[in-house]
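The sequence lines fix the lettering, A, B, ..., with proteins before strands; numbering per chain opens at 1. In what follows, every heavy atom counts, from backbone to side chain, and hydrogens, waters and symmetry copies are set aside.
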Amino acid sequence: MTAPATLHERILDWYDDHARDLPWREPSASAWSVMVSEFMLQQTPVARVLPVHEAWLERWPTPAALAAEPSGEAVRAWGRLGYPRRALRLHAAAQAIVERHGGEVPSAYDALRALPGVGDYTAAAIAAFAFRARHVVLDTNVRRVFARVLGGTELPTPSVTKAERELGASVLPEDPETAATWSVAVMELGALVCTAAKPGCARCPVGDRCAWQAAGRPAYDGPVRRPQAWAGTDRQCRGRLLAVLRESTGPVHRSALDAVWPDPVQRERALAGLLEDRLAVQVGPDTFTLPG
DNA sequence: TATACGTGGCA
DNA sequence: TTGCCAAGTAT
């Protein structure tokens, strides 16, 4: 009789068989490639990131290459990925890498965490996935898997708790290389099987030792997060206006912006917001463009 | 801690 | 069709 496989063995074996081939997971992928992917994947599905990531790395193979261009080019190349301030932050991070780290993506968590647009998750992810360092990586997928398998609840709490970080640390393999693979494996399990809406428990490698399944898959009963409104919001308006600037090679006249949003009050407010965020700049009395 | 911040695919 | 969702960060 062989001993039943451990939770870790099950998940690592599953990942070995089911991991998607993603460019930023290739052994030859640079730390910059990993970093770009992490920025793009914040709140954005893999399928939409793939083509933009490829074009980005082709055009800007290093942080220095991006840092040498106007931030507006980063916003333009970001395309319709959403949350364009991420493009601005990635550009600013590239400049910081050139200034503070000689153009090399830093490997230390604290140095990464200090870069614009890099929070707790992204710093840990870059350190773990690009440099194979031992860090607890807590993204929404990992948190959901832990909540179910180890916690017995359908969904994690709205924000990361101390208990979660401690739990993550307690199950993180000692060996750094194994720890990094463990993190991406749990993340992949959450993305492909232990999904938010329709979990594939029947094909889950740890389904028979999942606390949530054992409890009969009780529905989430925690605080309800209000769905984010979209139609008619300032956010939608900003998106419309920025799309006009992105798709134009030169300065855009106010009339071109007027054409994409009917409400003048909201339109002005959104434009002011874009200028405030440095996603757009005013270059004349009535003309605007992406930042230089 | 709650809120703002894009976008498009899918049920 | 409308609602929900997808590798968060900054304030």
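First and last contacts of DNA chain C with chain A, using any nucleotide atom under 4.0 Å from a protein heavy atom and ordered 5' to 3', fall at C:dC4 to C:dA10.
No contact: A:R269 has no heavy atom under 4.0 Å from any strand. Within 4.0 Å (heavy atoms only), A:L81 reaches at least one base atom of the nucleic acid. Residue contacts shown for A:A125 are absent, as no nucleic acid heavy atom lies under 4.0 Å away. Looking at heavy-atom distances under 4.0 Å, A:V46 makes contact with a base. Within the nucleic acid shown, A:G119 comes within 4.0 Å of sugar-phosphate atoms alone, with no base atom in reach, counting heavy atoms only. No contact: A:D277 has no heavy atom under 4.0 Å from any strand.
Contact check, A:R238 against B:dG6: a side-chain N or O comes under 4.0 Å of OP1 or OP2. Distances shorter than 4.0 Å separate some side-chain N or O of A:R246 from OP1 or OP2 on B:dT7. Between A:R80 and B:dG6, a side-chain N or O to OP1/OP2 separation shorter than 4.0 Å is absent.
Side chains of A:R144 and A:T195: a donor-acceptor N/O pair is absent below 3.5 angstrom, by distance only. In summary, the side chains of A:T6 and A:H8 do not present any donor paired with an acceptor at a separation below 3.5 Å, with no hydrogens or angles considered. For the residue pair A:R134/A:T178, the side-chain donor-acceptor check at 3.5 Å is not satisfied.
Comparing the C1' positions of C:dT1 and B:dG8 gives an interatomic distance of 15 Å, to the nearest angstrom. For the C1' atoms, the distance from C:dC5 to B:dC5 is 16 Å, rounded to whole Å. Here, C:dT11 and B:dT1 have their C1' atoms 11 Å apart, quoted to the whole Å. Distance noted for atom C1' between C:dA6 and B:dG6: 12 Å (whole Å).
As rounded to whole Å, 16 Å separates atom P of B:dC5 from atom CZ of A:R240. Residue A:Q43 contributes atom CD, which lies 13 Å from atom C1' of B:dT3 at whole-angstrom precision. Computed from coordinates, the A:D234 CG to B:dG6 P distance equals 10 Å when rounded to whole Å. Here B:dC5 presents its P atom at 11 Å from CG of A:L279, a figure rounded to the nearest Å.
When atom types are taken as modelled, the side chain of A:Q266 and the backbone of A:G232 share a donor-acceptor pair closer than 3.5 angstrom. For A:R86 (side chain) and A:L81 (main-chain N/O), a donor-acceptor pair under 3.5 Å exists by modelled atom type.
The heavy-atom pair separating A:L290 from A:V281 by the smallest distance is O-CG2, 3.7 Å. Residues A:T287 and A:P251 share a closest heavy-atom pair of CB-CB, 4.3 Å. Across all non-hydrogen atoms, the minimal contact from A:V171 to A:L150 is CG1-CD1, 4.3 Å.
Each of A:F129 and A:V118 was assigned the nucleotide of DNA chain C with the nearest heavy atom; the assignment lying further toward the 5' end belongs to A:F129. The residue among A:K198 and A:P84 whose nearest nucleotide of DNA chain B is located toward the 5' end is A:P84.
Taken residue by residue, residues 134-160 of chain A places heavy atoms nearer than 4.0 Å to DNA chain C at A:D139, A:T140, A:N141. The stretch residues 21-42 of chain A touches DNA chain C through A:L22, A:W24, A:R25, A:E38, A:L41, A:Q42, each having a heavy atom under 4.0 angstrom from the strand.
For the atom pair CD of A:E268 and CG of A:L241, the computed distance is 9.0 Å after rounding to the nearest 0.5 Å.
Between A:R76 and A:E69, none of the side-chain N atoms (NZ, or NE/NH1/NH2) sits under 4.0 Å from a carboxylate O, so this pair counts as no salt bridge. Salt-bridge check for A:D208 with A:R10: passed, with a basic side-chain N closer than 4.0 Å to an acidic carboxylate O.
With a 6.0 Å radius and a threshold of 12 heavy atoms from other residues, nucleotides or ligands, A:E247 has its CD atom above the threshold.
When the side chains of ILVMFWY residues are joined at heavy-atom separations under 4.5 Å, either directly or via intervening members, A:L279 and A:Y83 end up in two distinct hydrophobic clusters.
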